[in-house]
Each structure stands twice: as structure tokens, then as C-alpha cells.
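Letters go in sequence order (proteins before strands), and every chain restarts at 1.
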2 protein chains.
Amino acid sequence: MTRQRRLVYDVLLRDLDHPTASEVFLRAKDQLAGISLATVYNCLETLTDAGLVKQVNLDREPSRYCPNLHEHAHFFCMSCGAVQDVAPASNDGGLCGWRIPEGNRVEKMEVAMRGLCRRCAAVEESDSEETGDVSASRAARAAN
Amino acid sequence: MTRQRRLVYDVLLRDLDHPTASEVFLRAKDQLAGISLATVYNCLETLTDAGLVKQVNLDREPSRYCPNLHEHAHFFCMSCGAVQDVAPASNDGGLCGWRIPEGNRVEKMEVAMRGLCRRCAAVEESDSEETGDVSASRAARAAN
DNA sequence: TTTTGATTTAGAATAATTCTTGATTTGTCG
DNA sequence: CGACAAATCAAGAATTATTCTAAATCAAAA
């Protein structure tokens, strides 16, 4: 945790408004004049890889960053651009329902899942029988 | 519906594998040698605006295109990169459950909603009392 | 203190997408 | 049929977010 990483993380924690990398950069500069945009990108990536921060994307807009590690969805206001966290309605594994804040109007919802399709899950299963290592084969294929 | 648009649309309909713009371009070229990537982008945008096609994004990867207009989610295989459509488990408005294909392993799920936050919904409400036109005020603000 | 390795910086490079401009096609009307 | 207007297309330049590169800096260990 270097000074720059600490600062970038603090910026994210101070206002939980899902800033873009550029916005983080502007806020960080106020406190550490010499910091560069590249460093902000580096720090955001490091923090994301470390699991302290989540990268949030909507369409092809610039990525936004969120230090909320609880399971949640995101609500993007089409009018003012604000981004809110939305908590799950219950602890049933996230497949079912969200606590939409009172007054918000949802016009569209997008759901994306990531994982292994049947075929790849099967291959991994058989690979792990041979090697005993579940993650190795996936990593090997992912390297393509 | 011009020749190029028809072709791009047919390419999407032929294989429902969510190709990127470049992939659409490669397939389209086979049937209309002179078509350009810019035209493919134009056509995809036109088709999307017309509501015949949906643009599908995961993270910052190239956009993919999908002619399935039914409500559905997307499943991205982390190993082979395949993208599958996932149907809702019931017709309850999409808040609740998805028919994950047998054998698929979901490791992560992302939910994004778009709409109007409480404040903007309230403003629009009061605007429409004055003007009688719900969409005008939103459009005006969106133009910023 | 020197070394070592990681991190930061600035700017160049990249990749997807959009924009611009001129050419082409299409539809319409005489 | 032929001319004109409007829409569309093509080619390449431009844009934008992001990543890469290489040199400079820093921090901890020896």
C-alpha cells in the first residue's frame, strides 16, 4: 500500500459516487499535486486486483470504481448520471430481487453472468481428475 | 432497410453467437466484398436504434450484437469466450431468477439498471404537469 | 550506504469506435 | 426515362479510454 494507492483508495472511500479514473485523478491531484493519470490507472488496477475495489461498467462509458464490497447492483440515472448502489432484497444468493430505492424508476435492467459454459466446465472437471489442480487448466486456456 | 443493413442483420441472425463488429464485418465481406467496417458500424447502430438488435457489453471488451429481442440475460464463458442467452425463469418482470443452462457454472453475476433516480423522476413528474409532455424534459436534460 | 526490486511518471502507443467528407445509391416526380 | 434531392455508404482521419514503455524515483534489505 503505497502513498498513491492509499490516496486513490481514500478518494474512492470519501465520496461513494462511483467516479471515473479521470475524476479520481482530479480529486487525487488536490492532495498530491505530482500524481499522474497513469498512476491513478495503475493504482485502480492494483486495488481492483487486490479485491478492495470493483470496476463498474455501463455500456462503453468510462469505467467507474466502487469500494463497496458487499453484493450489490448498480442503478444509473439516465437523467443526471448519478450511480447508486442497490442492495439485494434478501440473502438468497443474489438471484432474486433488489431493493430499488423508493422513487427510483427502473426502465431497463441488464444482467450479465460470467462462469464456465457446460463444455468448459466438463473439460475442467476431467482435467482436474488428471492433474488434481482445478485452476491450472483454466488458466492455461485463458492464456490464449 | 438497405442491402448492407439487410446483410448485417442476416449475419446476426444466421449464427446467434453474439459476434463483435469486426466479426460481423468479416462474415459480411464474404457476401458483399466491398462492404467496409465503418458501414458495419453504421448498420449495427441503425439496427440497434431501430430496436432490431441489442448491443451487449461485458467490461471493456468490444461490443457484441444480439438479435434476440426477448428479455434475457447473457452468460459469458470465462474459458472459451462463448456467449449464451439466458432466459428468465418466469414471466414476473425479470427481477427473479434465470434458467441457467444445465452444467454451466456461474461464478459472477453483474446487474445494472438504468432509469431515473428519485430526484430526476420527481423533476420529470413536475415538468410534465407544466408541459404535459413527459419525454421532453428528459430529452432536454439528456442533451447536456 | 549500496543494492535490488517495485512503483511512479510522462508520454507514446493501442484499440474500439465515431466523425468527416466526398461519392454513390435510392426514391420521387416531372 | 432522366434529373434532382435525400439518404446512405466508404475511406480514412480523429477521438477517447486505456495500456504500454522507458527512465526516474523510492523503499526496504543487505
Side-chain angles (χ1 to χ4, degrees), chain A residues 1-12 17-66 74 76 81 83 112 142-144, chain B residues 1-12 17-66 74 76 81 83 112 142-144:
Chain A
M1 194 47 111
T2 66
R3 187 140 80 104
Q4 287 84 349
R5 289 175 188 171
R6 177 86 240 165
L7 172 56
V8 165
Y9 189 44
D10 285 347
V11 163
L12 290 179
D17 62 347
H18 306 83
T20 62
S22 306
E23 286 165 349
V24 171
F25 172 56
L26 290 178
R27 296 177 198 176
K29 251 199 323 198
D30 292 343
Q31 300 184 243
L32 184 60
I35 199 170
S36 76
L37 179 58
T39 298
V40 169
Y41 271 106
N42 285 342
C43 292
L44 288 170
E45 188 188 356
T46 305
L47 292 168
T48 301
D49 289 349
L52 290 174
V53 159
K54 280 197 224 162
Q55 194 183 28
V56 177
N57 296 291
L58 180 70
D59 297 342
R60 310 219 101 262
E61 288 169 25
S63 294
R64 298 174 171 278
Y65 296 86
C66 168
H74 288 105
F76 299 80
V83 182
N144 297 334
Chain B
M1 196 46 110
T2 65
R3 186 140 80 106
Q4 287 84 348
R5 290 175 188 171
R6 177 86 240 163
L7 172 56
V8 165
Y9 190 45
D10 284 346
V11 164
L12 290 179
D17 62 347
H18 306 82
T20 63
S22 306
E23 286 165 349
V24 171
F25 171 56
L26 290 178
R27 295 177 198 176
K29 250 196 329 195
D30 291 344
Q31 300 185 243
L32 184 59
I35 199 169
S36 76
L37 179 57
T39 297
V40 169
Y41 271 107
N42 286 341
C43 292
L44 288 170
E45 188 187 357
T46 304
L47 292 168
T48 302
D49 290 348
L52 289 174
V53 159
K54 280 198 223 162
Q55 194 182 28
V56 177
N57 295 290
L58 181 70
D59 296 343
R60 307 212 54 76
E61 288 169 26
S63 294
R64 298 176 170 278
Y65 296 86
C66 169
H74 289 105
F76 299 80
V83 181
N144 298 335

Discussion item. Does the protein touch nucleotides 8-15 of chain C at the base, only the backbone, or not at all? Give it as B, S and - per nucleotide, heavy atoms under 4.0 Å.
Written reply: SBBB----
Worksheet item: What does nucleotides 23-29 of chain D look like as a protein-contact string, B for base, S for sugar-phosphate only, - for none, at under 4.0 angstrom between heavy atoms?
Response: -------
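Take Leu26(B) and apply the side-chain contact (heavy atoms from CB on, under 4.5 Å) test, not counting sequence neighbours, and it matches Lys29(B). Under the rule for a side chain to side chain donor-acceptor pair (under 3.5 Å), Arg64(A) has no partner lying at least two apart in sequence or in another chain. For Arg5(A), the side chain to side chain donor-acceptor pair (under 3.5 Å) criterion is met by no residue, not counting sequence neighbours.
A heavy-atom distance below 4.5 Å is not found between the side chains of Leu58(B) and His74(B).
Atoms CD (Glu45(A)) and P (dT7(C)) sit 12 Å apart, rounded to a whole Å. Residue Glu61(B) contributes atom CD, which lies 15 Å from atom C1' of dT19(D) at whole-angstrom precision. Rounded to whole Å, atom C1' of dT18(D) lies 10 Å from atom CD of Gln55(A). Separating the CG atom of Asn57(A) from the C1' atom of dA16(C) is a distance of 14 Å, rounded to the nearest angstrom. The distance between atom CG of Asp59(B) and atom P of dT18(D), rounded to the nearest whole Å, is 12 Å. In this structure, the CZ atom of Phe25(B) is 13 Å from the C1' atom of dC9(D), given to the nearest Å. The nearest whole Å value for the distance from the CZ atom in Arg6(B) to the P atom in dC9(D) is 14 Å.
Using a 4.0 Å heavy-atom distance criterion, Ser63(A) is classed as a sugar-phosphate-only contact.
Considering Glu23(B), Arg27(B), Arg6(B) as possible partners of Val11(B), the one that fulfils the side-chain contact (heavy atoms from CB on, under 4.5 Å) test is Arg27(B).
Of all heavy-atom pairs spanning Phe25(A) and Leu37(A), the tightest one is CE1-N, 3.4 Å. Of all heavy-atom pairs between Pro62(A) and Thr20(A), the closest is CB-CG2, 4.0 Å.
Dashed line: the shortest gap from a side-chain N or O of Arg60(B) to OP1 or OP2 of dT18(D) is under 4.0 Å. Neither OP1 nor OP2 of dT19(D) sits under 4.0 Å from any side-chain N or O of Tyr41(A).
Listed by first then second residue, pairs satisfying side-chain hydrogen bond (donor to acceptor under 3.5 Å, both in side chains) with a partner in residues 31-46 of chain A read Arg14(A)-Gln31(A), Ser36(A)-Thr39(A), not counting sequence neighbours.
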Practice prompt. Step by step, work out the side-chain contact (heavy atoms from CB on, under 4.5 Å) result for Tyr65(B) and Lys54(B).
Written response: CA-CA 6 Å; Tyr65(B) 296 86; Lys54(B) 280 198 223 162; over 6 Å; no
